[in-house]
Amino acid sequence: MEDTFDFMINDENEVMLLIYERAAKVSSPYIEINPHDCTALLHRSDEDEIFMREVPSEVIENLYNADTLLVCELSREDDTSQTSIVKAYEADINL
């Protein structure tokens with residue numbers, strides 16, 4: 001569950017990344033996108049990063065038109081209906 005992620009795209013083709021809350025503090029976040037193998041690496045801080053495989057090509061295409069990515073961190077709840085956003089921040093996009 002630690003590195004579980006999901007991307008959402010709204011009607012304006014803006015991308016949001018959903019991940020579970022992590023203990024490390026967020027500092028100067030950025031995301032590196034590799035369109036050749038459909039992977040991404042989210043750097044939350046110098047000490048914390050998340051590697052993502054099988055990033056949908058539609059997500060990668062939409063990130064090419066953006067400067068930042070909205071990242072929302074979700075609470076960890078046994079009852080998923082109680083899950084909420086506990087942190088939200090923008091990460092710079094590096095292509």
Are Leu41 and Ile31 packed together at the side-chain level, in the sense that at least one heavy-atom pair is separated by less than 4.5 angstrom?
no
side-chain contact (heavy atoms from CB on, under 4.5 Å) with Asn10: which residues, sequence neighbours excluded?
Glu12, Glu14
Evaluate the side-chain proximity of Ile19 to Asp6: yes if any heavy-atom separation is below 4.5 Å, no if none is.
no
Side-chain heavy atoms of Phe5 within contact of Leu18, under 4.5 Å:
no
Is there a chain of hydrophobic side chains (I, L, V, M, F, W, Y, each step under 4.5 Å between heavy atoms) that links Leu70 to Tyr30?
no
What are the two closest non-hydrogen atoms of Ala40 and Ile33, and how far apart are they?
CB-CD1, 3.8 Å
Measure the OG-CD distance between Ser84 and Glu21 for me, rounded to the nearest 0.5 Å.
8.5 Å
Listed by chain and number, what are the side-chain contact (heavy atoms from CB on, under 4.5 Å) partners of Ser45, not counting sequence neighbours?
Ser27, Glu47, Asp48
Cluster overlap Met8 with Leu74, hydrophobic side-chain contacts below 4.5 Å:
yes
Cut-off 3.5 Å, no hydrogens considered: what does the side-chain donor-acceptor table look like for residues 49-62, sequence neighbours left out?
residue	atom	partner	partner atom	Å
Glu49	OE1	His43	ND1	3.1
Asn62	ND2	Glu58	O	2.9

Within one Ile-Leu-Val-Met-Phe-Trp-Tyr cluster: Val26 and Val86, side-chain cutoff 4.5 Å:
no
Could you walk me through whether Leu42 and Leu17 satisfy the side chain to side chain contact (heavy atoms under 4.5 Å, CB included) test, starting with their C-alpha distance in whole Å, then the side-chain angles of each, then the deciding distance to 0.1 Å, before giving a yes or no?
CA-CA 10 Å; Leu42 174 65; Leu17 172 61; 3.9 Å; yes
Which atom pairs, one a donor and one an acceptor, fall under 3.5 Å between side chains of residues 87-95 and the rest of the protein, sequence neighbours left out?
residue	atom	partner	partner atom	Å
Lys87	NZ	Arg22	O	3.1
Tyr89	OH	Arg44	NE	3.3
Tyr89	OH	Glu73	OE2	2.6

Report the residues that fulfil side-chain contact (heavy atoms from CB on, under 4.5 Å) with Asp37, sequence neighbours left out, ordered by chain and then residue number.
Asn34, Thr39
Going by side-chain hydrogen bond (donor to acceptor under 3.5 Å, both in side chains), name the residues that satisfy it together with Ser81, two or more places apart in sequence or in a different chain.
Asp79
